[in-house]
Structures are given as C-alpha cells and as structure tokens.
A.B. asks: 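Submitted below is the structure of interest, expressed as structure tokens.
Chain naming here is simple, since letters A, B, ... match the order of the sequence lines and numbering starts at 1 in each. Atoms considered below: every heavy atom in the structure, side chains included; atoms not considered: hydrogens, waters and symmetry mates.
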There are 2 protein chains.
Amino acid sequence: MDRLRKHIEEITPVSDEEFEHVKTFFTLKRIKKHQYLIQEGEQVNFEYLILSGIFRMFYLDHEGKEYIVQFAGENWWMADYQAYFNEKKASLHITCMEDAEILCLTLYGREKLSSDLHKMEHFFRVKLTKGYTAQQRRIISLLSSSPQQRYEEFGQLYPHMMQKIPKKYIAEYLGVSRETLSRLYSNNKGK
Amino acid sequence: MDRLRKHIEEITPVSDEEFEHVKTFFTLKRIKKHQYLIQEGEQVNFEYLILSGIFRMFYLDHEGKEYIVQFAGENWWMADYQAYFNEKKASLHITCMEDAEILCLTLYGREKLSSDLHKMEHFFRVKLTKGYTAQQRRIISLLSSSPQQRYEEFGQLYPHMMQKIPKKYIAEYLGVSRETLSRLYSNNKGK
DNA sequence: TTGCTGGTGTGATTTGGATCACACTTTTTC
DNA sequence: GAAAAAGTGTGATCCAAATCACACCAGCAA
C-alpha cells in the first residue's frame, strides 16, 4: 500500500490519518498472464490501479477482430469506464499480458473517497485531465497521421510498451494490420 | 449568468453565496461567425462554455488539411486542453460557425474555484468523466467501424449537429474524404 | 446584374493498406 | 524435450477510399 500512497502523493500530499481512510477502499489482487479482468457483458464492479504487470483493454467486434483501446502498465488506472461509471455491462475486455499486482476500487469507493476528501476528488480530477488530453492526442493522430507516423509516435510516447508488447498488438492499437506494420518496420530498419 | 448556474446545478446544487463567488471568474463574450477563438501558436488563456452558437475545433497539418477534433454547441465546454492545462502554445484552432455567446474561464479561475469549493472540483471531475468516455467511444469507433457506420453513429449521437453542420466538416470529423461521405450519403437515400 | 465564395454531387483514376497464403521462429505447455 | 500455440516476415492479389477533375447551386457583396 506504500505504492498507493506514493502514487497519490505525486499529485497531492495526504496525512497518515487520511491515508488510513483511503486505504480501506482498496483491495490487492494478483493476476496471472492470460487471465481476464473483465469480459464483455459482465458487470463492471471495479477499476484497477496497476502496481506491476501489463494489461491490454480491447473491443471485440462481431467478427472476432480485436481493437486495442489501451495498454496499461505500472501506475496506470484502467477499467471499462463507460460501463463502470454508468453501471452498465462491459463492452470491452481486459486481459493480463504479464503477471501482475493490482489494486481494486469500486465505484462506490471512488465516489465516497471523492466526497469524503476534497484531496481525493482533486486527485481523480487531475488523473482524468491527463487521460483526457492523452486520448485527444490519440484521436488527432488517428485522424491525421499515417500508420508510419503513428508507429513512430507510439514509440516515442511509450518506449517501454514498445519493447515489451508483441507487434501484433501494437498494430491493433494503431489501427493497422499486422502485416502492414511489419512492412513499415522492416523497411525502416535500414535508415 | 443564470444559464451558468443552471448548467452547474445539473450536477451539483450551489447556494446563492457560492454562486456569487463562482460568477466572478467568468466573463461573457459575443463571437461572430468566422471569428477565431484560438489559433495555432497562440497562448491559450481560456476555456469556454458555450451558451449559444456552434464552434469547431481542428488540427491543421503541414499541408493545410483540417482534421476536426470536436464540434461544440450549447452547454459544451471547449478549449485546446493540451495547451491550456500545460500552459503551452495552442496546437489547435477553434473557430465560430454560427454567431455565439460564450463564457470564458482562465486556468487560474478553474483551479481556484476547484480548490475553494469542493463542489466545483466535483463539477469539473464529472464533466471530465463524461468527456473521457465520449472520447473513448470515438477512438473505438475510429478503429473498428467503417465510414458508413461512423456516419450513422454520428447522426445518432448528435442529430442536432448533423442538421446544422456542413457535410464537409462532418467528413473531417469522421476521418473520411468529403467525396466518400457524399457517396455514402447518396447511396443510402433510397433505403 | 455579375461575379465571388462555400458547399455539394459524381465520374475516372490511383493507391495504400487489407486480405490471403505460407514459411519460419520463438515461446509456452505438459 | 516434443508438440502446440503464439508471434513474425514477406509475397501476391484485391479493394475501399483518396485523389483529381469538373459541373452545379446557393447565398452574399459590389
């Protein structure tokens, strides 16, 4: 739980007392590679803060094709927020790509913490702000950049993911076929 | 300013006193069609709540092609948030498509309000939550749907925009060429 | 009236990337 | 450590959408 405190204090300091309270809403879970956190159609009861490991969140279309909404590693939050906030069934899948430890928080917990502690409301607002601008950047990139450029941008933004994640998933994240990405990649080795 | 109060109270009630305080941070502005709110490279000092009128926010690439990040009408907030939150120069343009009245808020104002009034921090968090999930939906749609489907989804989500906004801009929003959109559109008139 | 400017439809041509198909390598699994 | 599963490279083919090109129409301004 130290990790959690450190994570929160990157944004706002909290007293020991306050943290004792915060702590009570989180539960630790260990997840193995290939295990699902959420699957389409399920009730979404939690959001997750990742302490270690890597996950991918994806949408599965009617033909069984995957489209990656987000990768998440250390200190990232993730959930099917659409479902979580509106208490609907999940429309996304989240699966573990590397053994992980995560902290789970219910919607009730999030809202209670936010109303009990102004600080925590602030914390969540700041986090959302960052997520919002990151998503906007991605939208612009999807609209305006070529696969080539998107691939390079991805590498710059998330060098760590670039190393650890199989290319086929990166392709799904970028919105290109595996083959096309492979060709970009090999044509560029030279330069 | 009544409008502002109503808008805030859709999310959280505020006392007269509180609202008096809130009010002081906003300034009203009237904008004419074709007028720019922000242009690339400028300092971003404000975000805007739209009381009436329609705006479009877009990215302009090196070749002068537009890509629409967002349309905004009544009761929408808009700004180049990337720039606003990080106090950088704008990388986007915002321009008025229909005579408008807007309320302007500085970053200082937003942060001051948030820290003075827990309620306002809450208000902004809720707004961001909605924006976040809407953007995520758009990302999924860009990755997984055909132009045809994206066009239909857009019509469902924003029927009002669909009517008022020239098709060429809708094409830019959807990430298709004007011509392709026009063909989808005319091929579908029949059915 | 006579231009402009901005938006729109629609044909012809081109093209980037998807798809299909297969071989090869690496990692997992029991 | 053998078999299966997962990931990758690369050629051949195909196709949806971009691009180019032009005609038309509406609204507005001089």
A.B. asks: For DNA chain D, which ranges pair as stems of 3 or more consecutive Watson-Crick or G-U pairs, with both donor-acceptor distances under 3.5 Å?
C.D. replies: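 Stems (3+ consecutive pairs) listed as C:1-30 with D:1-30.
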A.B. asks: Would you kindly give the CD-to-C1' distance between E98(A) and dG7(D), to the nearest whole Å?
C.D. replies: 16 Å
A.B. asks: Closest nucleotide of DNA chain D for R178(B) versus for L181(B): which of these residues is on the 5' side?
C.D. replies: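 Final value for this comparison: L181(B).
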A.B. asks: Rounded to whole angstrom units, what separation is found between the CD atom of E179(B) and the P atom of dG6(C)?
C.D. replies: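 Taking CD of E179(B) and P of dG6(C), I get 17 Å after rounding.
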A.B. asks: Determine all donor-acceptor pairs shorter than 3.5 Å in which one atom belongs to a side chain in residues 67-74 of chain B; sequence neighbours excluded.
C.D. replies:
unit_1	atom_1	unit_2	atom_2	d
Y67(B)	OH	D61(B)	OD2	3.2

A.B. asks: Please list, by residue number, the residues of residues 159-172 of chain B whose heavy atoms come closer than 4.0 Å to an atom of DNA chain D; answer none if no residue qualifies.
C.D. replies: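 Nucleic-acid contacts, sorted: none.
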A.B. asks: Is the distance from the ring center of F123(B) to that of H7(B) below 6.0 Å?
C.D. replies: yes
A.B. asks: Taking only residues two or more places apart in sequence or in another chain, which ones pass salt bridge (Lys or Arg N to Asp or Glu O under 4.0 Å) with D16(B)?
C.D. replies: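 Here the qualifying residues are R5(B).
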A.B. asks: Salt bridge (Lys or Arg N to Asp or Glu O under 4.0 Å) with E47(A): which residues, sequence neighbours excluded?
C.D. replies: R110(A)
A.B. asks: Measure from CG on L143(B) to C1' on dG17(C) and round the result to the nearest Å.
C.D. replies: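 To the nearest whole Å, that distance equals 15 Å.
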A.B. asks: At a cut-off of 3.5 Å, list every protein nitrogen or oxygen paired with a nitrogen or oxygen from nucleotides 12-14 of chain C, distance to 0.1 Å.
C.D. replies:
unit_1	atom_1	unit_2	atom_2	d
dA12(C)	N6	R183(B)	NH2	3.4

A.B. asks: For the residue pair E18(B) / S15(B), report whether a side-chain donor-acceptor contact shorter than 3.5 Å exists.
C.D. replies: yes
